[in-house]
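Structure first, commentary second.
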Amino acid sequence: MSNKINALRGMHDCLPAEIGYWQTIEGHLRSLFAEYGYSEIRTPLLEETRLFTRSIGEVTDIVEKEMYTFPDQNESLSLSLRPEMTAGIVRAGIQHGLFYNQIQKLWQIGPAFRYERPQKGRYRQFHQADVEVFGVETPDVDAEMLAMLARFWQRLGIADEVKLEINSMGTAVSRAQYREKLIHYFEGFMEQLDEDSKRRLYTNPLRILDSKNPELNEIIAGAPKLLDHLDPESKEHFDLLCQQLDILEIPYIVNPRIVRGMDYYTRTVFEWTTTKLGSQGTVCGGGRYDKMVEELGGRSTPAIGFGMGMERLILLCQACDVKANESAPLLTTIFLGEKATLQGLAIVESLRNEISHVEILTNLGGGSMKSQMKKADRSGAKYALIMGENELEQDIVILKDLRENGTQEEIARTELATFLRAKLAE
Ligand code: ATP
Ligand code: MG
């Protein structure tokens, strides 16, 4: 047995080398959410298990086999780590009266947990950007949400790599009728169905449409379509959404196989998919859940939202050579000799007082001129501020340009801030 303790399977450290992607993506998201009038909400990672079983559905992959569930320490409560964010946000909204007579537009970014087989783009702790709107029944909100996402892909420069697929789940009533037709259809192919699909046939046959088994493609393609069995109101909602997407010039594909992995969806459902990530191709998925607030004890409130897989999005950005934020220090320091080293930090601190928000990477730990110079070169900084005993005495510093052919100039300490400010403005 080794003494070394590693992270759990499927749970990853996010290291500094890749943090630029997270920051770039989160930066675009935060700015877009503000531009479209969304507010941030932060809900707990742990909730009562019954919140998820009641909203997501007993007979779903998530609830049946993917949740991290355990009893609370002292009380006879069953707890679960959130496998998604919608249920927790609905719970919070009901608990704090957020849905009363108003439209709520909310977002949250954070981790979610699912006990799945880890592979590229599929982890046990992953991160979602999640958006929810409460209190709007009309399809304008569906269209605006998709327009915001289309703008997001554009800002990232990956608009050509994702495509929008939409479908309608109708209402619980129209779905119940369709369910019978679907069972009848699949019963005709009993021999060819895989184990999962056989198991699903009488409990949750719509889930078979979502199967990733390519051998079932043909059978599924021939299955009756929910879109042909919609109630008139859901049909109208769907048609209006399609019209608005056409006017917005947002391309989409109507895909009757998009049924989503949770039971709570009604009417509009959608996924943004890419072909660049193999079978983990869904980067973002969502839809309406007009009944959930009521089912969880609130007043009837229509709602729509989506969850976006951050890790998958990062993989896609990397595959598309999207440039990530890279911050480089303006300045690094080289202090030589005891006295200069002793004064060095104070000089840097007074510089920080004079110019706010400037990145300065102090060369902590000292060392010879040669080794400090090596570190300075590696730091990516634009300038090295060099100071030894002579400079200290004369109250000057040497500024070496590390990028442009290493030119050096002497600058009075009192002029340093002004000089650097001018450089920053260039
Ligand atoms: P999939 O069909 O790929 O399992 P899902 O339908 O279970 O996805 P959702 O519940 O809709 O996924 O979650 C929203 C998004 O979160 C997904 O589109 C995906 O980008 C991401 N996601 C879901 N599960 C995982 C996971 N285990 N690891 C990483 N990202 C995930
Ligand atoms: Mg899944």
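Atoms within a ligand are numbered from 1 in the order they appear, just like the ligands themselves. Side chains are part of it too, since the values below use all heavy atoms of this structure and drop only hydrogens, waters and symmetry mates. Predicted model, so just to flag it, every value in this text is computed and none were measured. Position 1 is the first residue of the sequence, and the numbers go up from there.
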For Y21 and E311, test the side chains for any donor-to-acceptor distance below 3.5 angstrom and give the result as yes or no. no
Considering only NZ, NE, NH1 and NH2 on the basic side and carboxylate oxygens on the acidic side, decide whether E35 and R155 come within less than 4.0 Å. yes
Closest to atom 16 (O) of ligand 1 by heavy-atom distance, out of Q125, K120, Q128, is Q128
Using a strict threshold of under 4.0 Å (side-chain N to carboxylate O), is an ion pair present between K65 and D61? yes
So the atoms of ligand 1 within less than 4.0 Å of a heavy atom of G121 turn out to be 28 (N), 29 (C), 30 (N)
How about W107 and F33: are their ring centres within less than 6.0 Å of each other? yes
In the protein, what heavy atom is nearest to atom 21 (C) of ligand 1, and what distance, to one decimal place, separates them? G309 CA, 3.6 Å
Does some non-hydrogen atom of E84 fall short of 4.0 Å from ligand 1? no
Mind checking whether E271 has an N or O less than 3.5 Å away from an N or O of ligand 1? no
Side chains of D228 and Y178: do they bring a donor and an acceptor to under 3.5 Å? no
When distances are taken from atom 11 (O) of ligand 1, the protein heavy atom at minimum range is R260 NH2, 2.6 Å
Please work out whether any backbone atom (N, CA, C, O) or any side-chain heavy atom from C-beta onward of K212 is under 4.0 Å from ligand 1, and answer side chain, backbone, both or neither. side chain
Which of the numbered atoms in ligand 1 are below 4.0 angstrom from a heavy atom of E116? 24 (N), 25 (C), 26 (C), 27 (N)
Backbone N or O of R122 within a donor-acceptor pair of the Q280 side chain at under 3.5 Å? no
Looking only at protein heavy atoms, what sits closest to atom 28 (N) of ligand 1 is Y123 N, 2.9 Å
Which residue and atom name correspond to the protein heavy atom nearest atom 30 (N) of ligand 1, and how close is it? F126 CD1, 3.4 Å
Ligand 1-proximal atoms of R124, by part, heavy-atom distance under 4.0 Å: neither
Going by the 4.0 angstrom heavy-atom rule, the piece of V283 near ligand 1 is backbone
Give the residue and atom name of whichever protein heavy atom lies nearest to atom 18 (O) of ligand 1, and the separation in Å to one decimal. T282 O, 3.2 Å
Report yes or no: does R122 have a heavy atom closer than 4.0 Å to ligand 1? yes
If you have a sec, work out which protein heavy atom is nearest atom 8 (O) of ligand 1 and how many Å separate them, to one decimal? R312 NH1, 4.2 Å
Using a 4.0 Å heavy-atom cut-off, which part of M262 comes near ligand 1: side chain, backbone, both, or neither? side chain
Is R114 touching ligand 1 with its side chain, its backbone, both, or neither, if touching means heavy atoms under 4.0 Å apart? side chain
